[in-house]
Trainee: 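Take a look at this one; I'll ask things after.
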2 protein chains.
Amino acid sequence: MDKQTITIYDVAREASVSMATVSRVVNGNPNVKPSTRKKVLEVIDRLDYRPNAVARGLASKKTTTVGVIIPDVTNVFFASLARGIDDIATMYKYNIILANSDQNENKEIQVLNTLLAKQVDGIIYMGNKITDELRAEFSRSKTPVVLAGTVDPDQQVGSVNIDYIAAAENVISKLIEGGRKNIAFVTPPLANPINGQYRLKGYKNALLSSGIAFNEEFVFESKAKVNPGENMATHLIEKGIDAAYVTDDELAIGLLNGVINAGVRVPEDFEIITSNNSKIVEMARPKLSSIMLPLYDIGAVAMRLLTKIMNKEEIDEKTITLPYKVAYRGTTVKQED
Amino acid sequence: MDKQTITIYDVAREASVSMATVSRVVNGNPNVKPSTRKKVLEVIDRLDYRPNAVARGLASKKTTTVGVIIPDVTNVFFASLARGIDDIATMYKYNIILANSDQNENKEIQVLNTLLAKQVDGIIYMGNKITDELRAEFSRSKTPVVLAGTVDPDQQVGSVNIDYIAAAENVISKLIEGGRKNIAFVTPPLANPINGQYRLKGYKNALLSSGIAFNEEFVFESKAKVNPGENMATHLIEKGIDAAYVTDDELAIGLLNGVINAGVRVPEDFEIITSNNSKIVEMARPKLSSIMLPLYDIGAVAMRLLTKIMNKEEIDEKTITLPYKVAYRGTTVKQED
DNA sequence: TTGAAAGCGCTAACAG
DNA sequence: CTGTTAGCGCTTTCAA
């Protein structure tokens with residue numbers, strides 16, 4: 001036979017109290033006489049009783065678990081956000097159900113639905129473009145949603161990001177000040193508004209204020225992987241590119257390696273600055289200069305915001321913009337700020 | 001008011017059947033007259049009914065979610081395993097609750113308990129050493145556990161790994177054949193039996209069969225990070241090391257960069273071969289030679305094994321050893337197998 | 001093929 | 001400070 005699972009009822013019987021009282025001590029309700037509490041606690045310990053969270057969830061309509069939709073855990077960028085999310089979740093007694101979406105729209109909808117079926121108390125979404133269907137699903141359920149490292153131009157739900165436009169503009173301006181004229185904008189699909197709208201806008205702004213004409217040929221779109229980055233190097237060099245602002249770290253390290261392999265000196269003849277400051281930047285040689293996106297913090301703050309919403313606390317501003325810095329390392333001439 | 005959550009009861013009423021019947025169609029029970037099924041399905045669609053998984057879990061005692069204990073999602077090695085786990089989990093209609101443990105014993109016990117409280121149907125554990133307390137908890141509950149990329153010398157629970165001893169012995173022998181005499185064993189804490197027992201044993205075996213004496217001074221223990229690896233480089237060089245077998249990819253890329261920065265040529269004067277073949281190997285320049293640990297597969301197979309156990313199917317062998325290959329790339333003189 | 005009814009283990013009024 | 005009593009939304013016998 002199975003070891004009989006022991007319930008709140010068993011504890012109540014053994015302690016000669018009602019299950020309501022047991023429930024109270026389990027939930028830390030102060031309205032219990034110390035001696036009673038002690039007695040109950042003893043029995044709980046003796047019987048090795050463990051409250052059934054599922055039953056709890058059904059009765060209280062709260063599961064203390066939040067759903068996290070992530071493109072791919074294997075991507076250091078998102079993994080770092082996830083780590084921030086989980087730490088804060090744990091701090092507030094929540095668990096996370098992690099689901100990979102591969103940025104695939106159907107999968108996202110699908111995953112969202114099973115998350116809602118599981119009655120998660122909230123959802124953190126990381127991804128790309130928020131499609132209309134997804135937005136519709138979000139607003140159709142009353143389950144709160146917060147976006148982490150993901151923008152929704154509509155700002156219907158909470159979100160945590162940095163000012164991508166200003167950050168890009170900032171670093172590109174510095175490149176220009178340093179004398180670079182032919183600066184490439186290297187990025188994964190522009191479909192992601194962070195790249196296609198915000199960062200690209202920062203890039204254009206920087207060019208504009210320096211009187212440099214925007215050249216569509218200097219925008220390179222590719223998969224966010226090392227090899228594509230490495231392979232595109234000669235291509236950029238042939239075009240006379242002398243610096244690149246890259247929006248993904250894997251792409252950046254690939255490009256860096258490709259450029260060096262082609263015999264071009266970095267940073268003397270070719271500068272590179274990337275955007276996420278994930279741990280990849282220090283695996284590079286020379287180490288990659290980068291906008292210091294506070295990855296962990298974005299995840300942590302997003303989760304914190306979500307706890308507030310779930311808790312129905314007052315929110316001053318649900319669209320949060322975190323500060324950022326820039327780390328000038330080995331792939332730029334400028335080595336400090 | 002809240003939008004009233006619609007229940008199986010509402011569907012039953014609207015469709016003029018009993019909730020039992022609705023339950024049957026929702027669960028794909030064949031004992032329902034096609035016309036009835038059709039009618040119910042229509043109502044479900046019209047009312048946009050979504051079964052409450054929590055209630056389901058309570059009634060059926062199955063949650064279709066498994067707990068995954070991971071040291072740190074941010075670590076590419078574990079993240080890759082997690083990806084394999086999630087994909088197979090999804091395939092079998094399970095969701096995963098992901099919990100970071102930081103290899104911290106208390107946290108692990110703690111996490112395990114909340115996972116059990118949430119009535120997960122199974123657990124996948126990734127980590128380090130299985131402490132006695134943890135093992136005790138594992139066997140105390142009837143919830144099945146499978147280890148992924150983690151060994152338990154006791155083999156009480158299921159596990160998926162490769163033959164770490166043979167793999168290490170293999171690559172180190174090749175290094176010796178190539179003429180290397182002073183080969184370092186560079187590793188994160190030896191407390192993990194994969195490193196401290198298995199791989200180290202392979203290292204010793206290789207030395208032994210070549211008549212080389214084991215030198216304790218050639219074993220370097222460090223954190224599994226890039227910087228420690230980079231910093232230890234000169235240290236190794238001073239000791240006359242001319243090759244290194246590294247058990248962690250981050251450590252390996254750090255060491256590689258450190259060695260090159262010190263002006264030593266790789267692979268001509270110093271060879272490096274690492275162990276996990278995570279995506280880090282191709283971020284290195286030259287690319288890191290590595291034992292091809294089938295990361296994704298280990299996770300996938302572990303989850304598959306778990307589904308079988310949860311399903312109470314016959315298991316031929318719960319201690320699974322996957323095959324591996326070796327990729328000789330730029331950090332070894334030998335460039336093919 | 002379908003329905004009635006008894007739980008699953010716990011929370012949350014409500015009463016005392 | 002403590003007990004009684006309804007449910008929470010669904011699965012699952014057991015009958016019909």
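Keep in mind that this is a model prediction, so the values were computed, not measured. Chain naming here is simple, since letters A, B, ... match the order of the sequence lines and numbering starts at 1 in each.
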Trainee: Calculate, to the nearest 0.5 Å, the distance between atoms CZ and CG belonging to B:R83 and B:D87 respectively.
Mentor: 4.0 Å
Trainee: Using only heavy-atom distances, determine whether the side chains of A:D154 and A:Q156 contain a donor-acceptor pair under 3.5 Å.
Mentor: no
Trainee: Please give, in whole Å, the distance from C:dA15 P to A:N31 CG?
Mentor: 17 Å
Trainee: Rounded to the nearest 0.5 Å, what separation is found between the CG atom of A:N161 and the OG1 atom of A:T150?
Mentor: 6.5 Å
Trainee: Expressed as a whole number of angstroms, how long is the span from A:Y9:OH to D:dT4:P?
Mentor: 9 Å
Trainee: Does anything in residues 18-37 of chain B form a salt bridge (charged side-chain N to carboxylate O under 4.0 Å, His left out)? List the pairs, not counting sequence neighbours.
Mentor: none
Trainee: Cut-off 3.5 Å, no hydrogens considered: what does the side-chain donor-acceptor table look like for residues 89-100 of chain B, sequence neighbours left out?
Mentor:
residue: B:T90; atom: OG1; partner: B:D86; partner atom: O; Å: 2.8
residue: B:Y92; atom: OH; partner: B:R304; partner atom: NE; Å: 2.9
residue: B:N95; atom: OD1; partner: A:K118; partner atom: NZ; Å: 2.9

Trainee: Please state how far atom CD1 in A:I6 lies from atom C1' in C:dC8, giving the value in whole angstrom units.
Mentor: 15 Å
Trainee: Tell me the interatomic distance from B:M19, atom CE, to C:dA5, atom P, rounded to whole angstroms.
Mentor: 12 Å
Trainee: How would you list, by chain and number, every residue that makes a side chain to side chain contact (heavy atoms under 4.5 Å, CB included) with B:V157, sequence neighbours excluded?
Mentor: B:V145, B:L147
Trainee: So if I take residues 34-43 of chain B and measure heavy-atom distances to DNA chain D, which residues fall below 4.0 Å?
Mentor: none
Trainee: Using side-chain contact (heavy atoms from CB on, under 4.5 Å), reason through B:Y49 and B:V43 one step at a time and then give a plain yes or no.
Mentor: CA-CA 8 Å; B:Y49 165 69; B:V43 176; over 6 Å; no
Trainee: Just how far is it from atom CE of A:M126 to atom CD1 of A:I298, taken to the nearest 0.5 Å?
Mentor: 11.0 Å
Trainee: Under 6.0 Å from the NZ atom of B:K129, do we count more than 12 heavy atoms belonging to anything else shown?
Mentor: no
Trainee: Could you give the angle between the helix axes at the two ends of the helix from C:dT1-D:dA16 to C:dG16-D:dC1, with five pairs per end, rounded to 10 degrees?
Mentor: 30°
Trainee: B:D10: which residues meet the salt bridge (charged side-chain N to carboxylate O under 4.0 Å, His left out) condition with it, sequence neighbours left out?
Mentor: B:R13
Trainee: Under the salt bridge (charged side-chain N to carboxylate O under 4.0 Å, His left out) rule, collect the residues that match up with A:E42, sequence neighbours excluded.
Mentor: A:K38
Trainee: Please name all residues satisfying salt bridge (charged side-chain N to carboxylate O under 4.0 Å, His left out) with A:D121, sequence neighbours left out, ordered by chain then number.
Mentor: none
Trainee: How close or far is atom P of C:dG3 from atom CZ of B:R13, stated in whole angstroms?
Mentor: 15 Å
Trainee: Can you name the residues that form a side chain to side chain contact (heavy atoms under 4.5 Å, CB included) with B:R50, not counting sequence neighbours?
Mentor: A:N113, A:L116, A:A117, A:E137, A:R140
Trainee: By the 4.0 Å heavy-atom rule, please label B:V26 as base, sugar-phosphate, or nothing.
Mentor: nothing
Trainee: Just jot down the side-chain hydrogen bond (donor to acceptor under 3.5 Å, both in side chains) partners of A:K62, sequence neighbours excluded, or say none.
Mentor: none
Trainee: Could you run down the sub-3.5 Å N/O contacts of the protein with nucleotides 14-16 of chain D?
Mentor:
none

Trainee: Can a side chain N or O of B:S23 be found less than 4.0 Å away from OP1 or OP2 on D:dT11?
Mentor: yes
Trainee: Report yes if a side-chain nitrogen or oxygen of B:T21 is closer than 4.0 Å to either non-bridging phosphate oxygen (OP1 or OP2) of C:dG3; otherwise report no.
Mentor: yes
Trainee: What parts of residues 49-66 of chain B reach DNA chain C, counting only heavy atoms under 4.0 Å away?
Mentor: B:L58, B:A59, B:K61
Trainee: Send over the distance from B:I44 CD1 to D:dG9 P, rounded to a whole Å.
Mentor: 16 Å
Trainee: Should B:N27 be listed as having a side-chain N or O under 4.0 Å from OP1 or OP2 of D:dT11?
Mentor: yes
Trainee: So does B:T7 get a side-chain nitrogen or oxygen closer than 4.0 Å to the phosphate oxygens (OP1/OP2) of D:dG9?
Mentor: no
